[in-house]
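What follows is a set of notes on a single structure, which appears directly below.
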Amino acid sequence: MPHLTIEYSSNLPGYPEAQALADLNASLCASPEVLDEADLKSRFVRTSGSFQIGTQPVNRAFVHAQLRLLSGRTPEAKKDLAGRIAEVLRRHTPHPAGVLVQLSVEIVDMDRPSYVKERL
């Protein structure tokens with residue numbers, strides 16, 4: 001905990017994943033909500049299959065981040081974390097000419113009693 005997954009559409013070539021991950025982790029670990037930097041697991045997932053945004057035949061792309069963390073955070077803390085993620089993704093997301101890129105961030109509570117984590 002926490003788990004950060006960033007999914008993006010395959011029509012965003014050249015996404016600087018490594019640099020974005022470094023900046024995302026640095027920003028999130030600077031938050032008082034992340035107590036141990038080794039607990040943060042981040043990854044990018046590029047869509048490999050088909051995707052569609054809306055119904056119009058126009059060039060559209062997406063970037064969606066989901067941060068899963070143990071329940072109990074205040075709404076203000078969640079808003080801060082979402083803002084940190086969005087700020088980094090705004091800086092790193094490619095903007096190909098003629099393509100509308102939609103960026104979204106979602107904070108998801110994980111159920112504490114059923115979450116299991118071990119360091120082996």
Side-chain angles (χ1 to χ4, degrees):
M1 183 297 297
H3 289 269
L4 175 61
T5 304
I6 299 99
E7 184 181 8
Y8 68 99
S9 55
S10 57
N11 61 340
L12 293 175
Y15 207 114
E17 294 179 10
Q19 185 60 54
L21 283 174
D23 291 351
L24 284 161
N25 282 11
S27 181
L28 289 173
C29 286
S31 165
E33 298 301 321
V34 179
L35 302 178
D36 182 350
E37 58 81 25
D39 285 340
L40 177 59
K41 278 91 50 198
S42 303
R43 65 279 215 175
F44 270 91
V45 178
R46 181 178 178 193
T47 59
S48 59
S50 299
F51 71 93
Q52 183 171 333
I53 300 170
T55 61
Q56 300 300 311
V58 295
N59 289 327
R60 295 176 178 162
F62 72 88
V63 177
H64 178 73
Q66 183 184 76
L67 180 65
R68 299 180 62 80
L69 62 161
L70 291 176
S71 59
R73 304 306 197 293
T74 66
E76 295 80 17
K78 292 176 185 180
K79 183 176 181 178
D80 176 66
L81 292 166
R84 289 170 183 268
I85 294 166
E87 188 276 325
V88 172
L89 293 177
R90 270 188 224 103
R91 284 190 283 123
H92 288 289
T93 298
H95 298 103
V99 177
L100 171 67
V101 181
Q102 296 184 28
L103 170 65
S104 56
V105 178
E106 174 185 24
I107 307 297
V108 177
D109 285 334
M110 297 187 310
D111 183 52
R112 283 181 182 269
S114 64
Y115 184 73
V116 176
K117 182 184 103 177
E118 300 175 2
R119 291 189 182 187
L120 305 175

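Below, all heavy atoms of this structure are taken into account, side chains as well, without hydrogens, waters or symmetry copies.
D80 contributes atom CG, which lies 8.0 Å from atom CD of E33 (distance to the nearest 0.5 angstrom). Atom OG of S27 is separated from atom CZ of R91 by 7.5 Å, given to the nearest 0.5 angstrom. Summarising the geometry, atom CD belonging to E7 is positioned 10.5 Å from atom CZ belonging to F51; distances are rounded to the nearest 0.5 Å. Going from atom CD1 of I85 over to atom CG of L28 covers 5.0 Å, rounded to the nearest 0.5 Å.
In this structure, R46 and S10 approach most closely via the heavy-atom pair NH2-O, 2.8 Å. Smallest separation of non-hydrogen atoms from P13 and P94: O-CG, 3.8 Å. Residues P32 and L35 share a closest heavy-atom pair of O-CD2, 3.4 Å. Shown here for L12 and T93, the closest heavy-atom pair between the two residues is CD1-CG2, 4.3 Å. Counting all heavy atoms, side chain and backbone alike, E37 lies closest to C29 at CB-SG, 3.5 Å. Taking every heavy atom of both residues into account, S71 and R112 meet most closely at O-NE, 2.6 Å.
Taking 4.5 Å as the limit, every side-chain heavy atom of K79 sits out of range of all side-chain heavy atoms of E76. Counting heavy atoms from C-beta outward, Y8 and V101 have side chains that stay 4.5 Å or more apart. Using a 4.5 Å heavy-atom cutoff, the side chains of H92 and L24 are not in contact. Residues K78 and L69 form no side-chain contact, since every pair of their non-hydrogen atoms from C-beta on lies 4.5 Å or further apart. Inter-residue side-chain proximity for V88 and R84 is flagged as unmet; no heavy-atom pair is nearer than 4.5 Å. Put simply, the side chain of N11 does not reach to within 4.5 Å of the side chain of P96, judged on heavy atoms.
Other residues, nucleotides and ligands place more than 12 heavy atoms under 6.0 Å from the NZ atom of K41.
Neither V108 nor L89 shares a network with the other; the hydrophobic side chains, linked directly or stepwise wherever heavy atoms of I, L, V, M, F, W or Y lie under 4.5 Å apart, form separate groups for each. Hydrophobic clustering of Ile, Leu, Val, Met, Phe, Trp and Tyr side chains at less than 4.5 Å, counting indirect connections, unites M110 with I6.
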Under 3.5 Å, side-chain donor or acceptor atoms of residues 55-68 against the rest of the protein: list the pairs with distances, not counting sequence neighbours.
{"unit_1": "R60", "atom_1": "NH1", "unit_2": "I53", "atom_2": "O", "d": "3.0"}
{"unit_1": "H64", "atom_1": "ND1", "unit_2": "S104", "atom_2": "OG", "d": "2.6"}
{"unit_1": "H64", "atom_1": "NE2", "unit_2": "E106", "atom_2": "OE1", "d": "3.1"}
{"unit_1": "Q66", "atom_1": "NE2", "unit_2": "E106", "atom_2": "OE1", "d": "3.2"}

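For Q52 (side chain) and G54 (main-chain N/O), a donor-acceptor pair under 3.5 Å exists by modelled atom type.
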